[in-house]
Amino acid sequence: MMKRMLMTSLSLVLALGLAACGNGNSSGGGNAVEGTGDGAKAGSGGKTKISYWTGDRHDADFVKEKVAEFNSTNTDGIEVELVVKGDDFDTALDLSFQTSDAPDVIRVKENTIQTFYKKGFLAPIDEFLNDELKAKFPAMPDLNEFDGKRYSLPNYGTTMRLVYNKDLFAKAGIEHPPTTLQELVDTAKKLTEAGKADGAYGFALNFKSPGSAFGRSARVVAEMSGYGGFGYDFKTARYDFSGFEPIINAFKQIRDDGSMLPGVESLDIDPLRAQFAEGKIGMYMSYSSEPGVYKNQFPAKIDWAAAPVPTIDGTVKGASGFLGGQWLALSSKSEHKEAAWKFMEFMYGDQVLTDYQEKGFGISMVPSISAAAKTPDVNGIEGFLPNKYDGVWPVYPSVAPQGMKSDDAFFKYMLNGGDLKAVIADLNKRYNAALDSVIANDGVKAEPDAGFDPAALGGKFAK
């Protein structure tokens with residue numbers, strides 16, 4: 001499985017992501033439709049109308065500008081409608097494919113492209129790729145390419161860090177960000193005490209979507225501590241969530257201590273960012289989208305920085321998952337695939353990708369772009385630069401277990417208590433049953449790798 005990572009291709013570039021992964025870039029769960037052309041209906045004014053759906057908000061204004069530019073300059077009569085979804089992006093996309101409203105172009109990510117591919121949402125783009133494009137955009141099996149066919153081209157990568165309020169740290173007399181889970185618990189308590197008069201709390205996560213919250217926090221703590229961030233053990237080729245026990249207990253302790261921002265169960269990522277920018281949150285964990293967010297979306301009124309996330313015991317035994325390598329994909333239901341590809345080709349043009357980096361939305365994973373584009377001058381960027389602990393983990397076999405997913409089960413325990421060991425035992429049983437099913441029925445391969453060393457993954461992108 002490790003052979004499928006194409007590390008040699010990725011190591012050609014220094015890939016820093018300022019753009020978020022997962023569903024973590026939405027606000028309020030609402031939807032925004034940006035009609036940037038003249039026609040209100042498909043085919044109006046003799047135009048070929050296509051739609052592009054994305055769940056990202058941090059770069060929405062930039063993308064809107066580029067869509068408008070494409071609409072006003074293309075000579076093929078193509079009109080693109082930009083649809084920005086919230087945390088309901090995946091659900092809305094599922095529904096759209098059950099009706100006649102599926103988009104033509106889809107924003108895909110490292111944690112969604114495999115699922116979308118298996119559901120039949122994506123169309124291969126090989127027929128549109130010449131040798132020059134194939135060489136320019138190095139593909140990663142299981143991330144851009146499935147069964148020998150390409151479904152997306154790379155744009156940027158992203159790192160994950162602990163984001164912290166330096167002003168509140170100074171007020172609490174804390175000199176350094178935490179490096180262990182116990183320090184995280186203790187620091188959250190001290191920050192809450194120091195910020196009490198101003199209504200500030202030590203820690204927060206966007207638990208309106210437990211998958212998004214744990215995906216940017218517990219996942220990377222586990223990976224840095226040597227455990228698979230999605231509960232999959234590559235050495236045994238089985239699911240084992242036991243490594244999450246101290247992590248979830250630490251988060252629960254922070255909440256039980258009153259050191260977590262009240263109302264996190266309904267907190268989305270953008271409202272969290274807004275409160276952090278106002279100085280109401282001491283720490284949270286997130287992707288390298290944050291420097292761009294606090295420059296463009298929520299100008300920070302505080303001095304802040306980013307640091308590596310803590311590990312379970314302060315020892316780094318793995319690597320912080322380096323994410324990215326996808327951006328746009330072609331919908332299998334599109335009735336205008338050639339028009340959709342022309343829009344994708346425009347968005348993957350040198351000027352758009354260069355602007356994307358230089359305006360602070362991400363540093364490209366495309367070698368020719370990363371070599372020529374300037375590093376953005378954005379406050380906080382230095383904390384997100386790839387370091388010796390950032391690395392690409394192998395692709396794990398995705399399964400759909402019966403019953404509650406791991407993120408929801410962990411958050412339920414955080415809220416209500418109970419027996420976490422029993423919760424983990426139940427997760428292991430259900431996830432491995434689902435794994436056995438996809439191995440037997442869907443041809444999924446899961447082979448043990450006794451020599452797998454998570455600590456060897458790091459440092460491939462550091463200068």
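Of the possible donor and acceptor atoms, none in the side chain of Asp303 sits under 3.5 Å from a partner among the backbone N and O of Asp167. Counting only distance, with no hydrogens or angles, the side chain of Asp88 and the backbone of Thr91 share no donor-acceptor pair below 3.5 Å. Using modelled atom types, one side-chain atom of Asp126 and one backbone atom of Arg150 make a donor-acceptor pair closer than 3.5 Å. For Ser332 (side chain) and Gly120 (main-chain N/O), a donor-acceptor pair under 3.5 Å exists by modelled atom type. Although no hydrogens or angles enter the test, the distance criterion places a donor-acceptor pair under 3.5 Å between the side chain of Thr73 and the main chain of Glu69. Without hydrogens or angle criteria, Ser152 side chain to Leu328 main chain gives a donor-acceptor distance under 3.5 Å. No side-chain donor-acceptor contact under 3.5 Å links Thr187 to the backbone of Leu184. Using modelled atom types, no side-chain atom of Trp341 and backbone atom of Glu127 make a donor-acceptor pair closer than 3.5 Å. For the pair Asn74 (side chain) and Asp76 (backbone), a donor-acceptor distance under 3.5 Å is present. A donor-acceptor contact shorter than 3.5 Å links the side chain of Glu358 to the backbone of Lys374.
No more than 12 heavy-atom neighbours from other residues, nucleotides or ligands sit within 6.0 angstrom of CD on Glu338. Enclosure of atom OH in Tyr413 by more than 12 non-hydrogen atoms of other residues, nucleotides or ligands within 6.0 angstrom is indicated. Enclosure of atom CG in Asp131 is not indicated, since only 12 or fewer non-hydrogen atoms of other residues, nucleotides or ligands lie within 6.0 angstrom. In the displayed structure, Gln402 atom CD is contacted under 6.0 Å by at most 12 heavy atoms of other residues, nucleotides or ligands. The local environment of CD in Glu265 is crowded, with over 12 non-hydrogen atoms from other residues, nucleotides or ligands closer than 6.0 Å.
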**Request:** Show your working on side-chain contact (heavy atoms from CB on, under 4.5 Å) between Met224 and Tyr389 and close with a plain yes or no.
**Result:** CA-CA 8 Å; Met224 286 279 279; Tyr389 299 125; 3.9 Å; yes

**Request:** Determine, step by step, whether Asn206 and Tyr284 satisfy the side chain to side chain donor-acceptor pair (under 3.5 Å) criterion, reporting the C-alpha distance in whole Å, the side-chain angles of both residues, the deciding distance to 0.1 Å, and the verdict.
**Result:** CA-CA 9 Å; Asn206 55 314; Tyr284 71 103; over 6 Å; no

**Request:** Walk me through it: do Leu82 and Val63 pass the test side-chain contact (heavy atoms from CB on, under 4.5 Å)?
**Result:** CA-CA 8 Å; Leu82 172 64; Val63 173; 4.0 Å; yes

**Request:** Apply side chain to side chain donor-acceptor pair (under 3.5 Å) to Arg430 and Ser406, showing your working.
**Result:** CA-CA 10 Å; Arg430 291 189 290 108; Ser406 60; over 6 Å; no

**Asked** Do Asn441 and Ser437 pass the side chain to side chain donor-acceptor pair (under 3.5 Å) test, and can you show the C-alpha distance, the side-chain angles, and the key distance before you say yes or no?
**Response** CA-CA 6 Å; Asn441 301 316; Ser437 177; 3.3 Å; yes

**Request:** I would like to know whether Trp53 and Leu93 meet side-chain contact (heavy atoms from CB on, under 4.5 Å); could you show each step before the answer?
**Result:** CA-CA 9 Å; Trp53 282 23; Leu93 191 65; 3.9 Å; yes

**Item:** Residue pair Lys149, Glu145: steps toward the salt bridge (Lys or Arg N to Asp or Glu O under 4.0 Å) verdict
**Value:** CA-CA 5 Å; Lys149 296 181 180 180; Glu145 185 178 88; over 6 Å; no

**Asked** Which is it for Asp233 and Phe452 under the side-chain contact (heavy atoms from CB on, under 4.5 Å) test, yes or no, and what are the steps along the way?
**Response** CA-CA 9 Å; Asp233 186 342; Phe452 176 69; 5.7 Å; no

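Listed by chain and number, the residues in a ring-ring contact (aromatic ring centres under 6.0 Å, His included) with Tyr117 are Phe146, Tyr151 (sequence neighbours excluded). With sequence neighbours left out, Tyr431 forms a ring-ring contact (aromatic ring centres under 6.0 Å, His included) with Tyr239, Phe241.
Contact of the Glu290 side chain with the Arg161 side chain is not registered, since no non-hydrogen atoms from C-beta on lie closer than 4.5 Å. Trp304 places a side-chain heavy atom less than 4.5 Å from the side chain of Pro291. Taking the side chain as every heavy atom from C-beta outward, Phe410 and Phe251 never approach each other to under 4.5 Å. Residues Lys445 and Ile439 are not in side-chain contact: their nearest non-hydrogen atoms beyond the backbone lie 4.5 Å or more apart. Looking at heavy atoms from C-beta onward, Asp355 lies in side-chain contact with Lys66 at the 4.5 angstrom threshold. For the pair Leu95/Phe97, no side-chain contact is recorded, criterion being any heavy-atom separation below 4.5 Å from C-beta on. Gln357 places none of its side-chain heavy atoms less than 4.5 Å from the side chain of Tyr156. At a threshold of 4.5 Å between non-hydrogen side-chain atoms, the residues Pro103 and Lys333 do not count as touching.
A donor-acceptor contact closer than 3.5 angstrom is absent between the side chains of Tyr348 and Asn155. With 3.5 Å as the limit, one finds no donor-acceptor pair spanning the side chains of Asp61 and Gln297. A donor-acceptor contact under 3.5 angstrom links the side chains of Ser289 and Arg273, judged on distance only.
Note: Trp393 and Tyr232 fail the aromatic proximity criterion, with ring centroids not under 6.0 Å apart. The aromatic ring centroids of Phe244 and Phe214 lie 6.0 Å or more from each other. A ring-centre distance under 6.0 Å is not found for Phe298 and Phe276.
The two residues Tyr164 and Ala307 make their nearest non-hydrogen contact at CE2-CB, 3.9 Å. Residues Ala102 and Ser331 share a closest heavy-atom pair of CB-OG, 4.4 Å. Across Ala305 and Lys166, no two heavy atoms sit closer than the pair CB-CD, 3.6 Å. When all heavy atoms of Pro210 and Phe411 are compared, the pair lying nearest together is CG-CD2, 3.9 Å. Closest of all the heavy-atom pairs between Gly226 and Pro454 is O-CG, 3.6 Å. Shown here for Ala339 and Ile50, the closest heavy-atom pair between the two residues is O-CD1, 3.9 Å.
Here the CZ atom belonging to Phe384 is positioned 12.0 Å from the OH atom belonging to Tyr287, to the nearest 0.5 angstrom. Between atom CG of residue Asp59 and atom CD of residue Glu65 there is a gap of 11.0 Å, rounded to the nearest 0.5 Å. Here CZ of Phe121 is found 7.5 Å from CD1 of Ile106. Values are rounded to the nearest 0.5 Å. Here OG of Ser266 is found 8.0 Å from NZ of Lys208. Values are rounded to the nearest 0.5 Å. Residue Lys359 holds its NZ atom at 10.0 Å from CG of Asn296, rounded to the nearest 0.5 Å. To the nearest 0.5 Å, atoms NZ (Lys136) and NZ (Lys134) are separated by 15.5 Å.
Applying the side chain to side chain donor-acceptor pair (under 3.5 Å) test to every pair with at least one member in residues 92-104, sequence neighbours left out, gives these pairs: Asp94-Lys119, Asp104-Ser334.
Aromatic ring pairs are classed by plane angle as parallel below 30°, tilted from 30° to 60° and perpendicular above 60°; the pair Phe343 and Tyr52 is tilted.
Remark: of the listed residues Lys109, Lys64, Lys85, Lys109 is the sole one forming a salt bridge (Lys or Arg N to Asp or Glu O under 4.0 Å) with Asp56.
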